[in-house]
Each structure stands twice: as C-alpha cells, then as structure tokens.
Amino acid sequence: MEQALYHPMHGYYSSERTRIGRAGDFFTNVSVGDLFGEILAAQLVELFDLLGRPDRFKILEQGAENAQLAKDIVKALAEEPKSAGWAYWIVEPSDQKAAYQKAHVGRTPIPIHWISGLKELDAFSGVIFCNELLDALPCHLVEYDGGKWNEVRVQAENEAFGFVLRPIANADLIRQVEGLPPPSTTPYRTEVNLAALDWVKSAARTLQRGFILVIDYGFPRDELYSPLRKEGTLTGYYRHQRQKDVLQRPGEIDITAHIDFSAIAEAASSEGCAILGYADQHHFMVGAAEQRLCEIERLAGAGSLPADQQRFLRQYKSLMHPNTMGLAFKYLLLGKGVSLAEAPSGFRYGKDPVAALQLPRF
C-alpha cells in the first residue's frame, strides 16, 4: 500500500494525475468550493481566542494535496484582523509535490511555509490539523480465523499480486489486535492503521500548547469493527468508481481505509492530549455556521438574499447534508495544555466525545 500510494515516481499520490473533482477519482470537501476553507478559518480564529490570543500562533497542515484548502483558509484569514503575524505551515515530504503546491497557491496575503516533516519544528503553540490524511496512510490488513489473528500480506505469483495469510510478527500490531472487539463471525478481515497512531503521537509531541484537529472518514472502535463489517473497509477508487480489488493497477487507483477514531484518541491521550470534541460533519457545520445561518434567516425574512449568501447556502447544503458529506466525515478535536471545556462552535452540537468514542473516564 505504501509503494502503491507513495512511491517517489510511480505512487498514486506522487504522480501529477488529477485526483480530486469531477475529472479525478473522488470528491472532497474542498471540491464543493471555498466555503469549507472559510468555515475552518473561522474555527481557527476561535481556537486562537481559546488559547488566550498568544503572541505567536502557528497553523500547521499535513496532507495538503494540491494546497487548495490552504489557499482558501489563508484567503479567509486575511480578512481577520486577529491573524496579523500568524504563520501557516504545510508538511510535505515530497519536494516535487511541495513545488507544485507553491506554484498553485502563488502569492498569499499570509505567508505559507513548507517543511518535509514535523521533526523540523521545535514545539510550538497553535493548531495542527489534517483533512483526509489518515485514511490515506498505509495500514495493516488482518484476519481472524476463529482462534487467532493473522496478517494479510501481499505476494507476487505468476506476474500477479494476491493476498496470503501469515502470522503477525509486528509487536505493535499484535498489541493493537488484542484490543479489538472479539469477532462473532469468521473469517473476519479488517484494518489496523499504525501509521495514523504514529502521526497523532508525533503531532502531540510537536505541540507545546494548543489543538489537533483531525477530519476524516471513520468510526468509533465498536462501530468500525462491527460484525457487519466482516470484510473491513479497505477499498480503492478510480474515476469515482469503487475498486474492490485494491491490488489491481497499483499507482493508478486511490487506496483507502476508514479510521479508528477511538484508537487515535487513545494514542493522543498517551502523549498528554485531552479529548475535547467529536462530531460528524453535519453537526459540526450546524454549530460552526449558526450565526451566519441566523443572519441568512433574517435577510430571507426581509425578502432579500444577496448573491454571496445564496452561494453560501448552495455550498453549505453539500457540506452538511446527511445524504452527501454530512455523515461521512468525522471531526476529532484534541487539546494539549488547555482546559477540557475549550472547544470551538463547530463542536457545540457534537456528542460527548469520551462516551461516543467508548473511552474510559478518569
């Protein structure tokens, strides 16, 4: 999976192919328009206020793809007086991709800086966030046979790739599968994303004080490892069509698996983070845009709705509607060195995060 997605020359995410939008393989929140960036920018301003408006404030994004979201966020922040002197950073390991991102964003009102890894930064105060990064990290595939878990490996045979079961040798993977709900049906195949756990731990260590925001496909542990998902969530996408056989055409299809948000929260907790918020996109958008929706309601009642408000409503409906993107994406907010009561408006109508993620209360 790592080679198919990230090989420097032939990997799916390393190539110059169009991946997002009508001409690509899948749609994202960014595909809807610049409203997603506007809403996130407003949430970043709220997080800045919750931190007590520190003298230095960094916003760091990893998994920026073509950097369109960064461009939209920075454009929206430029209209916010509080953002004067803020710094926006993008983590991009690929020099080729970083060069493309720089060319795409061009000159921006707030400067954007690039680094190849989190380790290049000293601990800082601010926000680290990722949008659809963790579901694209290479994961482990495992299968339960009724007595034990095996790892599903890839082998080459007769000039073709196929899956084969092998005993689990990775100690971290063994520990993770031991914590999974015991499958009630066999064979039961699913995924464990150790790379996602490593990422959130690294992000937590990089953060001196502030917030981590994760936006992605996924579920709490019990829901992700439900008996109804006995074949797991690993799948591929090519030209908006699901590809059940992820071993075909390596480097040409997206390969993705849903995230275990409970495991992500636990990994962050082990590095000193508090679990501050958890919501699906529908409820997040309702909370984050509530004031603007009230203004639109007032204008509509007066009989006039400006063009910019009409644009807002068109994009907003796509982002929050349960039948489109509203229930697909989840938002997890983690905090370090902050109060447990500190969360922006986007989580106002979210569930109790500890209860929703089935985490122990201390």
Side-chain angles (χ1 to χ4, degrees), residues 40 43-44 46-48 50-52 54 56-64 86-93 113 115-139 171-173 175-176 179 192-221 224 259-279 284 330-344 346-347 350 352-354 356-362:
L40 287 188
Q43 294 294 288
L44 291 169
E46 289 189 37
L47 292 174
F48 172 71
L50 290 173
L51 276 180
R56 295 184 179 182
F57 186 71
K58 284 183 180 179
I59 301 166
L60 187 146
E61 178 188 3
Q62 187 162 349
W86 289 11
Y88 197 104
W89 294 75
I90 291 177
V91 178
E92 180 48 66
H113 310 279
I115 54 175
S116 61
L118 287 171
K119 293 182 180 180
E120 294 182 31
L121 285 178
D122 293 330
F124 66 90
S125 294
V127 177
I128 299 174
F129 82 95
C130 62
N131 175 51
E132 290 190 75
L133 167 69
L134 303 188
D135 73 287
L137 295 180
C139 62
D172 291 333
L173 184 57
R175 281 192 290 270
Q176 283 301 122
V192 175
N193 196 326
L194 298 180
L197 305 184
D198 290 340
W199 180 86
V200 76
K201 289 179 181 179
S202 179
R205 289 192 289 266
T206 304
L207 198 62
Q208 183 178 49
R209 181 171 177 263
F211 303 91
I212 300 172
L213 176 63
V214 176
I215 307 169
D216 224 316
Y217 292 100
F219 302 101
R221 179 180 290 120
L224 179 62
I259 294 302
D260 178 352
F261 275 101
S262 299
I264 296 296
E266 289 173 344
S269 295
S270 72
E271 295 294 336
C273 287
I275 317 303
L276 302 180
Y278 179 72
F284 182 88
K330 307 298 192 306
Y331 290 64
L332 175 65
L333 183 68
L334 308 164
K336 189 174 182 181
V338 299
S339 167
L340 289 175
E342 294 179 324
F347 293 93
D352 175 351
V354 175
L357 297 171
Q358 298 117 32
L359 302 175
R361 295 187 183 275
F362 298 102

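No hydrogens, no waters, no symmetry mates; every other heavy atom, side chains included, goes into these values.
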(request) Just do the side-chain contact (heavy atoms from CB on, under 4.5 Å) check on Phe124 and Asp122 with the steps written out, would you? (result) CA-CA 6 Å; Phe124 66 90; Asp122 293 330; over 6 Å; no
(request) Rounded to the nearest 0.5 Å, what's the gap from NZ on Lys330 to CG on Asp216? Could you check? (result) 10.0 Å
(message) Using every non-hydrogen atom in the two residues, find where Gly210 and Leu51 come nearest and quote the distance to one decimal.
(response) CA-CD2, 3.8 Å
(request) Nearest 0.5 Å please: distance from the CG atom of Leu197 over to the CG atom of Asp172. (result) 9.0 Å
(request) Considering only NZ, NE, NH1 and NH2 on the basic side and carboxylate oxygens on the acidic side, decide whether Glu271 and Lys201 come within less than 4.0 Å. (result) no
(message) Rounded to the nearest 0.5 Å, what separates atom CH2 in Trp199 from atom CG in Leu133?
(response) 6.5 Å
(message) Below 30° counts as parallel, above 60° as perpendicular, anything between as tilted: where do the rings of Tyr331 and Phe284 land?
(response) parallel
(request) Measure across Ile90 and Ala64 and return the closest heavy-atom pair with its distance rounded to 0.1 Å. (result) CG2-CB, 3.8 Å
(request) Mind listing the closest non-hydrogen atom pair of Ile212 and Cys273 along with its distance? (result) CD1-SG, 4.2 Å
(request) With side-chain contact (heavy atoms from CB on, under 4.5 Å) as the test, would you mind laying out the steps for Leu334 and Val200 before giving the verdict? (result) CA-CA 10 Å; Leu334 308 164; Val200 76; 3.7 Å; yes
(request) Would you give the length of the straight line joining atom CG of Leu359 to atom CD of Glu266, rounded to the nearest 0.5 angstrom? (result) 5.5 Å
(message) Distance check, rounded to the nearest 0.5 Å: Leu60 atom CG versus Ile115 atom CD1?
(response) 5.5 Å
(request) Please name the pair of heavy atoms, one in Ala123 and one in Gln208, separated by the smallest distance, quoted to 0.1 Å. (result) CB-CB, 3.9 Å
(request) Provide the closest heavy-atom pair for Arg221 versus Ser262 in the form atom of the first, atom of the second, distance. (result) N-OG, 2.9 Å
(request) Flag the pair Tyr278 / Pro220 as yes when at least one side-chain heavy-atom distance between them is below 4.5 Å, and no otherwise. (result) yes
(message) If you compare all heavy atoms of Asn193 against all heavy atoms of Pro138, which two are closest, and at what distance to 0.1 Å?
(response) OD1-O, 3.8 Å
(request) Could I get the full list of salt bridge (Lys or Arg N to Asp or Glu O under 4.0 Å) partners for Glu342, not counting sequence neighbours? (result) none
(message) Could you measure the distance from the CG atom of Leu333 to the CG atom of Leu47? Nearest 0.5 Å is fine.
(response) 6.0 Å
(request) Output yes when a side-chain donor or acceptor of Lys58 lies under 3.5 Å from a complementary backbone atom of Trp89, and no otherwise. (result) no
(message) Using side-chain contact (heavy atoms from CB on, under 4.5 Å), reason through Ile59 and Trp86 one step at a time and then give a plain yes or no.
(response) CA-CA 8 Å; Ile59 301 166; Trp86 289 11; 3.8 Å; yes
(message) Donor-acceptor check, side chain of Gln43 to backbone of Gly346, threshold 3.5 angstrom: yes or no?
(response) yes
(request) Assert yes or no for the condition that the ring centre distance of Phe261 to Phe219 is strictly below 6.0 Å. (result) no
(message) Just so I know, are the side chains of Tyr217 and Ile259 near enough to count as touching, which here means a heavy-atom distance under 4.5 Å?
(response) no
(request) State, yes or no, whether a side-chain contact exists between Leu357 and Ile275 at a heavy-atom distance under 4.5 Å. (result) yes
